[in-house]
There are 2 protein chains.
Amino acid sequence: MTEDLPFNPYAADCPSRGLVDRIGDKWTILIIGVLSEGPARYRDLADQVGGISPKMLSQTLKALERDGLIVRQAFAEVPPRVQYELTEAGRTLQPLLLGLETWAREHMPGVLVSRERYDGAA
Amino acid sequence: MTEDLPFNPYAADCPSRGLVDRIGDKWTILIIGVLSEGPARYRDLADQVGGISPKMLSQTLKALERDGLIVRQAFAEVPPRVQYELTEAGRTLQPLLLGLETWAREHMPGVLVSRERYDGAA
DNA sequence: CCGTATCCTTTTTGATACTG
DNA sequence: CAGTATCAAAAAGGATACGG
């Protein structure tokens, strides 16, 4: 054993933490946001998220697929067509992310005020 | 104007996104988790979070204070004593973070299975 | 069209020694 | 005790050119 403390749910190495880090990721949140409105193609995602590089897009999509939160469906056509879609598990994230977004919008003004006061009191 | 699209709530430069990134931060979540149980001193936080460097701890605390999510109270004693505590605004984060944690715990098993399958299908 | 490979820059983080 | 300063290390991110 490394520690003899009872149990610390806030430890940095708590297994669930990895998952939270993943879905809390900037691009991940945005991508899931877009997919919440329905299936989308690679290009759609690139356009709607905006500012994401192809590298980060495919990287993030791959991670989400690996975790079973989205599915990738490639059609054998020319030109190629690939569609991404939330899985059932992925859809369970919607209320959470919506809650986060709502919180952010509600508290944005107060936070801004607090920052000004803090910075002003230099 | 840079774009003539109607409005894209999933754009990377959405103002609220900055806030979400902040509270989604690894150390931030852990610190708020500890403070959810009540006020704590610098040392308490360092111990309970575990693995955090003094630099990251004070840096994160400062950011949270700046945003008005925690308050710092220093007592003029020797040895010095400083106490951190969630503000009312900070406490509104609790249900959100709890929701995240619950989600992570619930979906961890499924995610793990999905990862194995994905990696195995190399 | 859907990505991958590469290279390079920027940010973030960690370790540690030291101060009020 | 509660931090700050400093330096090095690592990771993340972006741009872009190219392949299937």
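A note on names: the letters A, B, ... follow the listed sequences, proteins ahead of strands, and every chain is numbered from 1. Since we're looking at a predicted model, the values are computed, not measured.
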Any side-chain heavy atom of [X] sitting closer than 4.5 Å to one from [Y]?
X: B:V20; Y: A:E101; answer: no
X: B:S16; Y: A:W103; answer: no
X: B:L19; Y: A:R105; answer: no

Item to check | Contact pattern, 5' to 3', of nucleotides 1-7 of chain D - B, S or - by protein heavy atom under 4.0 Å | outcome: BSBB-BB
To the nearest 0.5 Å, tell me how far [X] [atom1] sits from [Y] [atom2].
X: B:R72; Y: B:L61; atom1: CZ; atom2: CG; result: 9.0 Å
X: A:R117; Y: A:L112; atom1: CZ; atom2: CG; result: 12.0 Å
X: A:L69; Y: B:H107; atom1: CG; atom2: NE2; result: 8.0 Å

Item to check | Check: A:D25 side chain, A:W27 main-chain N or O, donor-acceptor pair, under 3.5 Å | outcome: yes
Checklist entry - Of B:T102, B:L96, B:L100, which meets side chain to side chain contact (heavy atoms under 4.5 Å, CB included) against A:L96? => result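 The side chain to side chain contact (heavy atoms under 4.5 Å, CB included) with A:L96 is passed solely by B:L100 among B:T102, B:L96, B:L100.
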Checklist outcome for this item: Exactly one candidate in A:L35, A:V71, A:I32 meets side chain to side chain contact (heavy atoms under 4.5 Å, CB included) with A:L64; the answer is A:I32
Given atom [atom1] of [X] and atom [atom2] of [N], what is their separation to the nearest angstrom?
X: B:I52; N: C:dA15; atom1: CD1; atom2: P; value: 11 Å
X: A:L57; N: D:dA15; atom1: CG; atom2: P; value: 14 Å
X: B:M56; N: D:dA10; atom1: CE; atom2: C1'; value: 14 Å

Checklist entry - Between the axis at one end of the helix from C:dC1-D:dG20 to C:dG20-D:dC1 and the axis at the other (five pairs apiece), what's the angle to 10 degrees? => result 50°
Checklist entry - Does any residue of residues 17-30 of chain B have a heavy atom under 4.0 Å from DNA chain C, and if so, which ones, in number order? => result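 Correct list: B:W27.
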Next on the checklist: To check you understand the geometry: which heavy-atom pair defines the closest contact between A:I70 and A:T87, and what is its length?
Outcome noted: C-CG2, 3.6 Å
